[in-house]
Amino acid sequence: MNDGVEIALRHTHGDFRLAVDMTAPRGVTALFGRSGAGKTTVVHAVAGLLRPDAGRIAVNGEVLTDTARRVFVPPHRRRLGYVFQEGRLFPHLSVRGNLLYARRVTGKGAAGGEFDRVVGMLGLGGLLARRPATLSGGEKQRVAIGRALLSAPRLLLMDEPLAALDDARKAEILPYLERLRDAADIPVIYVSHSVAEVARLATSVAVLSDGRLVRCGPVADVLSDPSAVRALGVREAGAILTGRVAEHHDDGLTSITVSAGQVILPRVDAPIGSAIRVRIAAQDVMLAREVPNQISALNILPVEVLALRGGGGPGVVVQLGSGTDRLLARITRRSADALALAPGMHCHALIKSMSVARWDVGQQAR
Ligand SMILES: Nc1ncnc2c1ncn2[C@@H]1O[C@H](COP(=O)(O)OP(=O)(O)OP(=O)(O)O)[C@@H](O)[C@H]1O
C-alpha cells in the first residue's frame, strides 16, 4: 500500500482560497506557514473536522475523503491521533489513566508491550501515578503524545504542540520528538511556524503561503532552496548540515565530522559517533574567495556556489554545495558583486561556532 498521506484540497473560506496537492510520506512532515497560511484548514480536513469544497485524502491508500465519490469517513472513524497546542488531558485521571483512555474508549489500541514502549520512548515511567495538574507543560505534552500514540492511530496529527511552551520546556521535549520521528512507523503531520523547529524535527516539509503550496519535499532540500526563503522568512532561513560527533574538547567545544570536513560547535551533548543535524542560519554564513588567516571564525568549509537569488532589496541568498550537504548564505549584493560570485565558483564558507545555538543541534537515528 502507499506509505503516506495523499492530500488534494480545494476550499474557500470567504476571501481565503486553499489549493493544496501534496503527499506526506512516512516520517514527520512539517506543515509550515505564517499565521493564516492555511495550515489548520489542511489539518482539519485531514481529521475530518472540515468537509472541503473539493478534494481527496487518503492514508496509506485508504480513502478518508473523496468529494468526487462522496466518500467522507467521520472523524471518530478515521483512526487518527491528534495532539493540540494544549495537552487537553483529563484532570481527574492519573497519567496512566490518561494514557489508557483511548484504549478503553475504542476497545482497540496498544497491547501491554506497546504501552511500555511508548512510556519508555517518551520518558513517562516516573510520571504514571501523577495527576495532570502536577505536571509541567512539557510533561503534559509528552503524555498527550503518548495518549495519541496508544490509540494505535494510522496517522498522527500534531498542531503546533510546542506553541504553548516556553523555550526551556521546548528544549526539554524536543529530544522526545526526535525519538518519536525516528521510531514511529506511521506518518506524522506536524504543524509549525518555526523554521528552527522544522529544521530540528521534520523529515519532509510542505511550505504553505496564502493557501498555496510553495514547496514540498525532503527537509534538507526545501530549507536549502533559495526560492523558498521568502516564504520561510529571510531572517529565519537556513540549511541543514548533517554529521557525526567526532570529539569533545576540554574547552567546551565539540568537533563534528561533516561531508566537507569538520565543524566545531559549542558542546554538543551527544556521545562520540552520534548522528546529528545542525541548522546553520543563512545570515550567519560569510563567504571568502581565499582561505582567510588570522580570523576568529573556527569553521571554514570549502563550498561551491550553486545558485544566487536576489529580491528587490540589498541582499542576495547564495546556495552552496558543501560536500553532500547544502548551505545557504545571505550576504549583500554588493559583496556578491565584489567577490564576482557565480554558479560553479569554488569558495569558502565561514561559520562562527558561537552563532550556532544549542537548540539548532539535533540528534537523529542515522
Ligand atoms: N471557519 C472559517 N470561516 C471563515 N474563515 C476561516 C475559517 N477558518 C479559517 N478561516 C480563514 O482561513 C484562513 C486560513 O486559516 P488557517 O487557520 O487554516 O491558517 P493557519 O495557517 O492555521 O494559521 P494559524 O497559524 O494562525 O493557526 C484565515 O484567513 C482564516 O481567517
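Each ligand, and each atom within it, is numbered from 1 in the order the structure gives.
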A.B. asks: May I ask you to identify the nearest protein heavy atom to atom 15 (O) of ligand 1, giving residue, atom name and distance to one decimal place in Å?
C.D. replies: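 Protein heavy atom at minimum distance: Thr41 OG1, 3.8 Å.
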A.B. asks: May I ask you to decide whether Arg215 forms a salt bridge with Asp225, counting only side-chain N to carboxylate O separations under 4.0 Å?
C.D. replies: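 Looking at Asp225 together with Arg215, the answer is yes, because their closest N to O distance falls below 4.0 Å.
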A.B. asks: Evaluate the 4.0 Å heavy atom contact test for atom 8 (N) of ligand 1: does a protein atom fall under the cut-off?
C.D. replies: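 Neighbour list for atom 8 (N) of ligand 1 includes protein heavy atoms (cut-off 4.0 Å).
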A.B. asks: Could you tell me whether ligand 1 has any atom less than 4.0 Å away from a heavy atom of Gly14?
C.D. replies: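 The answer is no: ligand 1 sits nowhere under 4.0 Å from a heavy atom of Gly14.
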A.B. asks: Below 4.0 angstrom from a heavy atom of Glu160, which ligand 1 atoms are there? Numbered from 1 as shown, please.
C.D. replies: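 Going through ligand 1 atom by atom, the ones under 4.0 Å from Glu160 are 25 (O).
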A.B. asks: By number and element, which atoms of ligand 1 are closer than 4.0 Å to a non-hydrogen atom of Arg34?
C.D. replies: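 Per the distance check, 21 (O).
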A.B. asks: May I ask you to check whether His193 has an N/O atom sitting below 3.5 Å from an N/O atom of ligand 1?
C.D. replies: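 So ligand 1 has no N or O lying under 3.5 Å from an N or O of His193.
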A.B. asks: For Thr254 and His249, test the side chains for any donor-to-acceptor distance below 3.5 angstrom and give the result as yes or no.
C.D. replies: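 Looking only at side-chain atoms, His249 and Thr254 do not form any donor-acceptor pair under 3.5 Å.
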A.B. asks: Evaluate side-chain contact (heavy atoms from CB on, under 4.5 Å) for Leu177 paired with Leu162, printing each intermediate quantity in order.
C.D. replies: CA-CA 10 Å; Leu177 295 177; Leu162 306 187; 3.9 Å; yes
A.B. asks: May I ask you to list the residues sharing a hydrophobic cluster with Val291, side-chain cutoff 4.5 Å, ordered by chain and number?
C.D. replies: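 Val291 clusters with Met286, Ile295, Ile300, Leu350.
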A.B. asks: For the backbone of Leu93 and the side chain of Asn98, can you confirm whether one donor and one acceptor N or O come within less than 3.5 Å of each other?
C.D. replies: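 Present.
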A.B. asks: Considering non-hydrogen atoms of the protein only, which is the closest contact for atom 4 (C) of ligand 1, and what is the distance?
C.D. replies: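 Looking only at protein heavy atoms, the one closest to atom 4 (C) of ligand 1 is His13 CB, 3.7 Å.
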A.B. asks: Any N/O of Gly36 closer than 3.5 Å to an N/O of ligand 1?
C.D. replies: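 Yes; the residue has a nitrogen or oxygen that sits under 3.5 Å from a nitrogen or oxygen of the ligand.
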A.B. asks: For Glu160 and His193, which I'm curious about, is there any donor-acceptor pair between the side chains at under 3.5 Å?
C.D. replies: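 There is such a pair (donor and acceptor under 3.5 Å, judged by atom type) between the side chains of Glu160 and His193.
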